[in-house]
Amino acid sequence: MAPWPELENAQPNPSKYMEGTTSQQSTTPGKGKEPDKNDTRTPVTKIELLPSYSTVALIEEPTEVADPWDLPELRDTGIKWSERDTKGKILYVFQGIGKFILLLGFLYFFVCSLDVLSSAFQLVGGKVAGQFFSNNSIMSNPVAGLVIGVLVTVLVQSSSTSSSIVVSMVASSLLSVRAAIPIIMGANIGTSITNTIVALMQAGDRNEFRRAFAGATVHDFFNWLSVFVLLPLEAATHYLEILTDLVVETFKFRNGEDAPALLKVITDPLTKLVIQLDKKVINEIAMNDEAAKNKSLIKIWCKTFTNVTQMNVTVPSPENCTSPSLCGLDGLYTWTIKNVTSKENIAKCQHIFVNSNLPDLVVGIILLLVSLLVLCGCLIMIVKLLGSVLRGQVAVVIKKTLNTDFPFPFAWVTGYLAILVGAGMTFIVQSSSVFTSSITPLIGIGVISIERAYPLTLGSNIGTTTTAILAALASPGSTLRSSLQIALCHFFFNISGIMLWYPIPFTRLPIRLAKGLGNIAAEYRWFAVFYLIFFFLLIPLAVFGLSLAGWPVLVGVGVPILFVILLVVVLSVLQSRCPRLLPGRLQNWNFLPLWMHSLRPWDDVISLLSGCCQNRCCFCCRVCCRTCCLLCGCPPCCRCCGCCQRGDDEPELPGKAPEAFDNVALSREVQDAPPAAQGEASGAWSASGGTAL
């Protein structure tokens with residue numbers, strides 16, 4: 001900041017703040033006039049301070065630093081209800097009804113776009129996800145199974161799809177329940193990426209983005225922390241496998257009806273007109289079916305008829321006959337009667353890609369772009385409508401209802417009630433991604449606090465497992481036990497995580513970690529994209545690649561990295577809590593290069609790269625100019641290219657210095673200087689005055 005110019009030579013001019021001098025000057029004889037000797041009146045000095053000028057603010061002005069995590073006041077800036085006439089009140093009611101209908105419509109398209117987005121991800125990466133499961137050699141490694149669950153769920157954008165693949169593999173004896181449990185844990189992590197993507201759509205406003213991104217990543221941190229504790233515990237004790245096996249043996253479950261598809265009844269009429277997939281292809285690829293690798297995921301025939309007929313079939317010998325009574329000899333050939341199944345196609349599906357000859361990858365990319373566009377548009381409109389509806393007394397009532405605890409001594413019950421509400425809502429919509437993605441914009445605009453969103457998210461984790469349990473109960477007898485045991489493993493894993501990270505207030509680490517990440521993402525918004533790519537794609541791929549190299553390689557590379565991470569965490573905690581216990585050099589991270597302990601240099605690099613696209617000059621000029629700047633160390637935009645214009649060259653608005661002080665020294669220098677110097681001096685004065693203010 002520029003200092004206050006020549007402050008030591010400044011002289012106060014009180015005449016501008018007191019009217020007494022004006023009264024005295026009025027009694028002073030003017031130039032060229034003689035004073036009236038007969039005038040015996042004494043001058044009356046009338047002093048009155050003008051309140052519009054004050055120098056106190058220039059000396060000290062304490063400012064209150066607002067907490068960015070405080071929920072904003074959603075004030076009603078429109079006309080009050082009492083001030084409206086009858087016509088205005090009727091119009092206001094119809095506007096409210098119209099906004100509510102629009103809100104439901106955009107919410108419907110928002111949910112449908114999430115469904116289409118999941119289908120698009122399955123078209124793009126579904127076969128790759130199936131190939132991950134087909135490699136049974138590394139499934140015995142719990143860490144490899146964990147990252148496979150993360151990658152597959154990220155690729156297909158559906159934890160239910162990845163869980164159904166695991167159930168099919170366990171029922172077919174291709175995978176044991178012990179090896180399937182880490183995959184279920186990974187699927188629990190991968191499903192939390194959807195609401196984090198939704199939070200990116202609110203990056204326009206820093207405060208909204210801070211709250212929305214923290215509300216979305218609190219789900220991520222809960223899942224990651226639960227895995228870090230429970231995966232080693234499960235590998236050592238196998239408590240989930242033993243507990244679920246005991247539950248299945250104790251309660252004699254029988255086949256029941258399928259889980260009620262409440263939300264699908266509403267969304268399927270639209271989504272089935274866009275795309276329909278044959279999800280059995282992914283299961284067949286996971287089962288090492290070579291013929292399925294050449295099949296398309298796009299469903300063509302929706303109505304088929306399976307006909308079973310008895311036909312004479314030639315067999316090598318009488319031992320291959322179905323029964324001795326159905327076996328016959330015809331010269332040198334032996335024949336028998338077998339049931340032959342034939343499949344007849346009756347009616348095609350009605351979606352828009354049924355007659356297209358496009359490959360799955362092209363269709364998936366098209367649907368991915370369209371669904372993301374619809375998702376962004378619907379989310380923006382939902383936020384705008386909620387911002388216009390949730391104002392005034394309505395906002396106060398809703399915020400109090402959602403964020404207020406029960407009176408003492410039952411305040412602790414509120415969080416557990418929120419867990420039940422989250423579980424019930426997720427059971428209704430049958431998708432934790434849909435529920436958490438729907439409350440993310442509410443967190444961003446300040447209707448729901450992070451502390452209240454956390455138990456709602458935990459409840460959604462439980463709700464999605466109850467849906468899986470009901471789906472498992474509807475399985476046929478051959479797969480009932482395996483599917484039910486895996487669904488119960490998912491359920492007890494989330495229950496164990498809640499017992500670790502919720503009952504005691506100081507153990508609610510996901511809230512504090514999410515707030516810290518929200519602050520970073522609000523300041524460096526590119527870090528949110530880096531977080532998604534790094535934690536949900538790069539790290540799982542790296543661990544999967546090391547797992548392919550073998551268990552010794554994974555341990556040899558992973559253990560030193562984990563040791564360094566643990567050391568950094570311990571030092572950071574000691575630096576913030578007990579810095580006196582550390583040597584002077586280790587009390588902060590300044591002994592490291594700046595780029596190793598601060599995001600500022602990386603932000604400068606990204607700003608430099610993104611600034612190349614914003615400057616109004618050709619690509620070659622930008623590259624040459626930036627290269628010259630980096631090599632010779634000149635200012636950020638050197639003048640080697642005349643067409644490279646920056647915002648710094650734009651003329652600044654002149655600032656007006658406070659009139660409480662007349663800087664005599666600076667005024668004299670400006671008056672005595674040549675015209676060019678006068679312009680520079682006046683510019684320096686305006687800039688410094690604006691900075692001081």
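The aromatic rings of Trp412 and Tyr416 sit perpendicular, their planes meeting at an angle over 60°, well past the 30° parallel limit.
The stretch residues 225-248 participates, sequence neighbours left out, in these salt bridge (charged side-chain N to carboxylate O under 4.0 Å, His left out) pairs: Arg178-Glu241, Asp245-Arg481.
In plain terms, the two heavy atoms of Val150 and Phe536 that are nearest each other are CG1-O, 4.3 Å. Taking all atoms of both residues into account, the shortest heavy-atom contact from Ser460 to Thr457 is OG-O, 2.6 Å. In terms of heavy-atom proximity, Val166 sits nearest to Ala180 at CG1-CB, 3.4 Å.
The number of heavy-atom neighbours closer than 6.0 Å to CZ of Phe221, taken from other residues, nucleotides and ligands shown, is above 12. Remark: Phe100 CZ is loosely packed, at most 12 non-hydrogen atoms of other residues, nucleotides or ligands lying under 6.0 Å away. The environment of Trp602 atom CH2 is sparse: at most 12 non-hydrogen atoms of other residues, nucleotides or ligands sit within 6.0 angstrom.
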Under the criterion side chain to side chain donor-acceptor pair (under 3.5 Å), I'd like the reasoning laid out for Ser432 against Thr426: C-alpha separation, chi angles, the key distance, then a yes or no.
CA-CA 6 Å; Ser432 60; Thr426 306; over 6 Å; no

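The line from CD1 of Ile533 to CD1 of Ile539 is 12.5 Å long, rounded to the nearest 0.5 Å. From Ile486, atom CD1 reaches atom OG1 of Thr465 across 14.0 Å, with rounding to the nearest 0.5 Å.
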Contacts table for residues 438-448: side-chain donor-acceptor under 3.5 angstrom, sequence neighbours left out:
residue	atom	partner	partner atom	Å
Ser438	OG	Val434	O	2.6
Thr440	OG1	Thr436	O	2.7

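Scored by the side chain to side chain donor-acceptor pair (under 3.5 Å) test, Glu208 finds no partners at all (sequence neighbours excluded).
Under 3.5 Å, the side chains of Ser496 and Tyr239 contain a donor-acceptor pair of N or O atoms.
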